[in-house]
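Let me begin by presenting the structure, written as structure tokens, before commenting on it.
Residue numbers count from 1 along this sequence. Both backbone and side-chain heavy atoms feed into the values below; hydrogens, waters and symmetry mates do not.
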Amino acid sequence: MSDHIGFHGGEYRGPVIGKLVEYRQRAPAPTALDALPRRAVGFTGRDGELARLRAALNPAAAGEPQAVLVTAVSGLGGIGKTALAVEAAYAAREEGWFPGGVLFVDLHGYDDAPVTADQALESLLRALGIKPGHIPVTADERAGLYRSLLAQRDAMLILTDNASSPEQVRPLLPGVDRHRVLVTSRHRLPQLGAQLVPLEQLTPRAAYQLLERALRIAVPDDSRVVDDPQGAARLAELCGHLPLSLQIGAALLAEDAGQSVADLVDELGTSPDRLDSLDDGDRSVRVTFDLSYRRLPDEQARLLRLLALAPGPEVSEEVAAALVGAEVPPLRGLKDLARAHLVERGTGRGRWRMHDLVRAFGVGLIAGDADAREEGEAARERVLEFYRRCADATDRRLRWLPGTPEPERFTDRVQALAWLDGERAGLVGAALWAREERYANKALSLAHSLAVYLDWRRYFDDLISVMRAAQEVAHRSGHRQREAVAWNNLSNALKAVGRVEEAVEGYGMACDLLQAIGDRHGEAMAWNNRGLALRLAGRVGEAIAAHVHARDMFQDMGHQHNEAAAWNNLGNAFGEAGRDTEAIDAHTRARDLLQAIGDRHREAMTWNNLGLAVMSVGRVEEAIGYYGKALQMYQEFEDWYDTGSTLANLARAHVLTYRFADGRAYWLRAAEAFTHANAPDRAAQARAQAATLTAPEKPTDKPTPASPPAHKPAPAQPSPPPPGAPDTAEQ
């Protein structure tokens, strides 16, 4: 303080009155340069993303081409963006990278009243020590002062949390590159020229760790998660591996010491609305998602709701168009929702998916409003009709025979199978809608159109689910024709997975129903299929009788194609009974019929089976020739399972003639084909057979026998390993 007033050297023209003036030196305005929120409880599972942020924040990169001023962390609400950014900021501070300090501002971008850039600048200026009365009025002046202050300071980190638009952040960017800006947002913000760090849900392991850590922090001696790792894994799955919902799950366990992990899993798994249960009184997944939803324009909000009703985990753009009732896919809306992290790209181009909890949120929006429910039901009908039409077209393509009119929608089998492969999960999900009365007829039609495809690709679990539902619904509605078809297709799948006696019974149900309604063709098909199951059950005599009955019925009706199938299967049954001559004759009859018809795929089956038949009477080289013909035809049709079976038969034939190297090569090729055909067990068996063939070739000075030897080989010659059961092909 000073109380001295000096008048020395002044010129005065009148009276001068001196007044004592007191002046006090004021302290500088307070600053807030270390205002980071506390670290998240139980933070885990973000090592890769944390490493990227550390690299972006490292001042050693300043001036380098890869150096960036802004890094934007984006992701779904509750995914852990703020926790990651704060963790990275603490790590950077501990490294001493930002001696000028760390500024933090929450932009509340998804609240009803987001913080404007002007308001954020005022907050940051005050944090930098500017008195409220000295803060400029206009936004441009505030931004200028802000940049000027930063230009005078050592390196600083500015963490802007929860931004919803580039406009909120752009005025907060410093003018010099020694500083760094770290942004979090539910939207991607490429407009800022930022390095983008999108966050996905946690891995199952990291989700488990978060649950365990969060519960231990709340109750240090609580071992419920550790004691039930399988239940905890299921709980993490029901929480969508989302950090917010995992934290809520841990809190729910902590506040109820008597509740087991299994109890909470049961509560979440059986709840009609899972999001109702993911609420600990302070945090709510539904409220978090609702903040994003309320900012959507009407068309995007509608698209989000309808996407939640898609029958599969992913949706193609064609299906999205059907959902909204448009002629063309809603690409703009999908991309806008992706920018908001409410949908994301799927496993292939043109495919989209939603997080499980976002889907549950969308379903809840529809369930809670009568108009939205009706809109949703209409959307599901459109999707079902789209799937029904397309699946019918693919089915006709897969069943197409030369000489008949070609289906129009798909130009060949490859195209039809590719479409079915891409849409399989959605098709199966939609077919299961048959249990809902509104969709029963169309869903039943869809189910029957999928039977050949699901059997062809060996998706037997799907086939069983779809056909079980079809059979139940057809029985309830009294539609005996459809019920019989469902029993037949269901039994095909049961037979394929080894539930042979169930298959025999199912085929019997189909036979009885078809006989009752006078469908002789369908009845003959069911008898033919029943014979296959009877043979697998070891009831070979009954199998022969069933195939003879089917063959005679087809002959009476003049159905050469199906007659050939019956001859083929009858040949396999004769072979099983040791009636080799009759087996060769039956397969020859089947081959001749199929050649006349021009069905090369089923002709391949007869060549394979004819090879087996002649092998059984010692004509090995002849059999190898037949297998070669079958192999060529199967490969034409990309029938990988039967390709593998034929290669296995070739391997066995070469082993029987002591050509071990060739046998090993064929087993390895068979393993590749079985892997491609979604038959991992058969692939493993083929590799195991190949591994046994380490013996040398039979010496070249001795002739290779044309048929298997009738006696045990000489001791100097290693015996071939057991070749395993031959692979028959059935129709």
Side-chain angles (χ1 to χ4, degrees), residues 40-45 76-80 83 200-293 304-305 308-313 342 353-369 372-373 376 429 432 435-436 465:
V41 172
F43 180 83
T44 187
L76 178 65
I79 203 77
E200 305 291 340
Q201 62 194 42
L202 292 173
T203 64
R205 178 176 177 79
Y208 171 86
Q209 291 174 340
L210 194 157
L211 270 175
E212 198 274 332
R213 290 182 186 181
L215 184 57
R216 289 278 192 185
I217 289 169
V219 188
D221 61 350
D222 197 319
S223 63
R224 280 176 287 174
V225 169
V226 174
D227 292 343
D228 186 4
Q230 290 185 333
R234 176 59 180 154
L235 176 58
E237 183 181 347
L238 289 168
C239 289
H241 301 122
L242 191 74
L244 172 63
S245 54
L246 291 164
Q247 293 278 7
I248 292 172
L252 294 173
L253 288 172
E255 70 183 17
D256 186 353
Q259 184 181 43
S260 68
V261 172
D263 290 338
L264 183 53
V265 165
D266 185 63
E267 178 184 335
L268 292 175
T270 59
S271 173
D273 190 338
R274 201 187 325 168
L275 298 190
D276 279 346
S277 300
L278 288 173
D279 186 330
D280 64 4
D282 179 52
R283 296 166 294 187
S284 166
V285 175
R286 186 189 302 285
V287 170
T288 299
F289 289 171
D290 194 56
L291 291 174
S292 296
Y293 176 74
L304 178 72
R305 293 192 303 270
L309 300 177
L342 291 169
R353 64 186 176 198
M354 305 176 88
H355 187 279
D356 286 349
L357 295 182
V358 176
R359 181 184 294 273
F361 174 76
V363 170
L365 290 171
I366 288 176
D369 181 89
R373 284 197 300 275
L432 294 177
R435 291 192 170 101
E436 300 179 53
S465 296

Nearest heavy-atom pair of [X] and [Y]: which atoms, and what distance?
{"X": "D256", "Y": "R224", "answer": "O-NH1, 2.9 Å"}
{"X": "R373", "Y": "I366", "answer": "CG-O, 3.0 Å"}
{"X": "H241", "Y": "A207", "answer": "CD2-CB, 3.5 Å"}
{"X": "R234", "Y": "V265", "answer": "CG-CG1, 3.5 Å"}
{"X": "L238", "Y": "G269", "answer": "CD1-N, 3.9 Å"}
{"X": "R283", "Y": "A251", "answer": "NH2-CB, 3.7 Å"}

Within the side chain of [X], is there an N or O that forms a donor-acceptor pair under 3.5 Å with the backbone of [Y]?
{"X": "R359", "Y": "A310", "answer": "yes"}
{"X": "S223", "Y": "V226", "answer": "no"}
{"X": "R213", "Y": "F43", "answer": "yes"}

Side-chain contact, heavy-atom cut-off 4.5 Å: F361 with H355?
->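 The answer is no; the side chains never approach within 4.5 Å.
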Contact check, side chains of L253 and Q259, non-hydrogen atoms, under 4.5 Å |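 When only atoms from C-beta onward are counted, Q259 and L253 do touch, with a gap below 4.5 Å.
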Within 6.0 angstrom of R205 CZ, more than 12 heavy atoms from elsewhere |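 For R205, atom CZ is not crowded (no more than 12 foreign heavy atoms under 6.0 Å).
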For a side chain to side chain contact (heavy atoms under 4.5 Å, CB included) with L210, tell me which candidate from V225, L242, T44 qualifies.
->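 Result for side chain to side chain contact (heavy atoms under 4.5 Å, CB included) with L210: T44.
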To the nearest 0.5 Å, what is the distance between [atom1] ([X]) and [atom2] ([Y])?
{"X": "S260", "Y": "D227", "atom1": "OG", "atom2": "CG", "value": "11.0 Å"}
{"X": "I248", "Y": "D282", "atom1": "CD1", "atom2": "CG", "value": "9.0 Å"}
{"X": "L244", "Y": "C239", "atom1": "CG", "atom2": "SG", "value": "9.5 Å"}
{"X": "Q247", "Y": "L278", "atom1": "CD", "atom2": "CG", "value": "12.5 Å"}
{"X": "L252", "Y": "D279", "atom1": "CG", "atom2": "CG", "value": "8.0 Å"}
{"X": "F289", "Y": "L365", "atom1": "CZ", "atom2": "CG", "value": "11.0 Å"}

Evaluation steps, side-chain contact (heavy atoms from CB on, under 4.5 Å), between V219 and D221 | CA-CA 6 Å; V219 188; D221 61 350; 3.4 Å; yes
Between D356 and R274, does a salt bridge (charged side-chain N to carboxylate O under 4.0 Å, His left out) hold up when you go through it step by step?
-> CA-CA 10 Å; D356 286 349; R274 201 187 325 168; 5.4 Å; no
